[in-house]
Amino acid sequence: MGESVACPEIVVSREGGILEISIRRPDRRNALTHPMYDAMTAALAEADADPGVRVALITGTEDCFTAGNDMVEFLQNPPKGNDSPVMRFLDQILMQEKPIVAAVNGPAVGIGTTLLLHCDLVYCARGARLQMPFVSLGLCPEAGASYLLPQIMGHPRAAQLLMLAETFTGEQAVEYGLANAVYDDGEYLQKAREACARLAAQPPASVRMTKAFLRQPQRDAVAKQMRAEGDAFLARLGAPEAREAMMAFMEKRKPDFSRFE
Ligand code: COA
């Protein structure tokens with residue numbers, strides 16, 4: 001398998017028509033930094049541009065997909081504006097022409113869950129633990145989640161996952177319409193690779209056209225909502241509620257929101 005290291009924590013490899021993007025920063029539970037977003041964006045753009053690539057696969061390390069955005073970066077070097085690495089990554093994943101498959105095990109937190117909304121096939125391990133704790137962090141949804149989640153699962157469940165920030169399993173992700181299947185921890189990645197191989201063997205123009213037809217009817221609306229969420233999210237990062245939540249995480253204590261109105 002040809003392997004190139006775009007940034008040390010994002011390992012991109014190619015086999016046949018499959019471009020595999022592995023998030024590997026295990027000491028920080030694969031938390032995502034600006035250079036990691038940039039490397040993933042570049043890899044996805046490469047997948048679309050290279051006629052030899054038929055499908056992109058996003059995965060993490062064996063026991064962790066990603067703990068979401070790096071909290072230290074949120075506090076010390078937050079993204080600024082629509083041209084930030086995270087927003088460019090979200091734009092890329094929204095507009096990706098070729099299919100994206102995800103293989104998820106362990107924590108898939110924040111953008112680790114919302115990026116799945118832009119994948120075409122999602123395979124989870126039994127050990128997958130998904131969560132969108134934006135509200136618990138004093139933030140708001142991102143990646144168009146506030147548009148797509150109610151559409152996929154209805155308002156009550158979307159509110160449950162966003163406002164109560166409940167953690168859910170791979171089985172629940174399938175039940176909620178966010179994932180295709182759950183496999184044992186030892187086989188989820190292999191199953192995802194097999195699906196990629198089957199996709200790569202399909203007629204490529206027809207696959208791209210089908211993805212476009214599936215996504216196009218709501219792309220503009222998702223993009224608009226993503227932009228609105230992004231503006232609010234960036235503003236919230238400096239808000240006292242979010243500072244308290246993130247400081248509490250770093251200091252390994254419970255946050256105290258009692259003083260806020
Ligand atoms: N940003 C920065 N560092 C992170 C991180 C993140 N998003 N997630 C985990 N880490 C760090 C921890 O601070 C810890 O560092 P330490 O070894 O110096 O104490 C290390 O990674 C291991 O994390 P830990 O919490 O001990 O692992 P765990 O297996 O018990 O729990 C998670 C894993 C993902 C459930 C937990 O780390 C978590 O909730 N992380 C925050 C997720 C989050 O809120 N992301 C942002 C969403 S917008």
Side-chain angles (χ1 to χ4, degrees), residues 7-10 22-40 58-80 84-87 89-90 93 102-118 124-146 148-149 158 161-170 172-173 178 185 226 229-257:
C7 105
E9 291 131 347
I10 298 294
S22 306
I23 308 168
R24 294 191 198 161
R25 195 186 174 212
D27 57 324
R28 301 280 100 184
R29 305 301 266 148
N30 297 342
L32 296 166
T33 59
H34 297 319
M36 291 167 75
Y37 286 120
D38 280 342
M40 290 197 293
I58 303 181
T59 191
T61 40
E62 240 168 51
D63 63 349
C64 182
F65 189 58
T66 167
N69 205 100
D70 187 283
M71 296 284 201
V72 177
E73 248 184 19
F74 264 166
L75 282 166
Q76 293 174 1
N77 181 22
K80 293 176 191 76
S84 54
V86 61
M87 294 310 288
F89 170 71
L90 290 175
I93 206 167
V104 181
N105 195 12
V109 188
I111 198 166
T113 291
T114 57
L115 77 80
L116 303 177
L117 297 169
H118 304 280
C124 291
R126 293 201 197 286
R129 293 291 176 271
L130 301 93
Q131 192 191 14
M132 293 175 284
F134 306 113
V135 168
S136 307
L137 290 169
L139 301 170
C140 69
E142 39 87 302
S146 59
L148 289 167
L149 285 171
L161 298 186
L162 287 172
M163 294 185 195
L164 294 178
E166 287 182 2
T167 299
F168 54 105
T169 62
Q172 285 170 304
L178 286 177
D185 290 7
M226 199 184 256
E229 290 171 344
D231 290 347
F233 193 101
L234 297 187
R236 291 295 296 167
L237 279 174
E241 288 180 0
R243 308 299 284 186
E244 164 59 14
M246 286 185 268
M247 288 308 295
F249 174 77
M250 302 308 301
E251 291 164 7
K252 300 189 191 295
R253 61 171 171 83
K254 268 196 178 321
D256 176 7
F257 301 118

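Ligands are counted one by one from 1 in listed order, and the atoms in each one are counted from 1 as well. Keep in mind that this is a model prediction, so the values were computed, not measured.
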How close does the nearest protein non-hydrogen atom get to atom 7 (N) of ligand 1, and which residue and atom is it? N69 O, 3.0 Å
Does an N or O from F134, backbone or side chain, lie closer than 3.5 Å to an N or O of ligand 1? no
Which residue and non-hydrogen atom of the protein lie closest to atom 17 (O) of ligand 1, and at what distance in Å? R28 NH2, 3.6 Å
Element-labelled atoms of ligand 1 that are located less than 4.0 Å from some non-hydrogen atom of D27: 20 (C), 21 (O)
Donor-acceptor under 3.5 Å (N105 side chain, T61 main chain): no
Distance below 4.0 Å between atom 40 (N) of ligand 1 and any protein heavy atom? yes
Let's go through E229 and R236 carefully: what are the C-alpha distance in whole Å and the side-chain angles of both, what is the deciding distance for salt bridge (Lys or Arg N to Asp or Glu O under 4.0 Å) to 0.1 Å, and is it a yes or a no? CA-CA 10 Å; E229 290 171 344; R236 291 295 296 167; over 6 Å; no
How far is atom 38 (C) of ligand 1 from its nearest protein heavy atom, and which residue and atom is that? F249 CE1, 3.7 Å
Is a donor on one side and an acceptor on the other found under 3.5 Å between the side chain of H34 and the backbone of E73? no
Which value, rounded to the nearest 0.5 Å, describes the distance between T33 atom OG1 and N77 atom CG? 10.0 Å
Parallel, tilted or perpendicular for Y37 and F89, by the 30°/60° rule? tilted
Report the nearest protein non-hydrogen atom to atom 33 (C) of ligand 1: residue, atom name, distance rounded to 0.1 Å. R29 NE, 3.7 Å
Are the side chain of D70 and the backbone of L32 linked by a donor-acceptor contact shorter than 3.5 Å? no
Backbone of G60 reached by a side-chain donor or acceptor of N30 within 3.5 Å: no
Quick one: look up the protein heavy atom nearest atom 42 (C) of ligand 1 and list residue, atom name and how far away it is. A67 O, 3.3 Å
Taking the side chain as everything from C-beta on, heavy atoms only, tell me whether L130 gets closer than 4.5 Å to F65. no
Atoms of ligand 1 less than 4.0 Å from K252 heavy atoms? 19 (O)
Flag atom 25 (O) of ligand 1 as yes if some protein heavy-atom distance to it falls below 4.0 Å, otherwise no. no
Nitrogen or oxygen atoms of M71 and ligand 1 under 3.5 Å apart: yes
Protein heavy atoms near atom 35 (C) of ligand 1, is at least one of them under 4.0 angstrom away? no
Among all protein heavy atoms, pick out the one at the shortest distance from atom 6 (C) of ligand 1; state its residue, atom name and that distance to 0.1 Å. A31 CB, 3.6 Å
Kindly identify the option in I111, V72, L137, L75 whose heavy atom sits closest to atom 48 (S) of ligand 1. L137
Please check this pair: side chain of T59 against backbone of A103, looking for a donor-acceptor N/O pair closer than 3.5 Å. yes
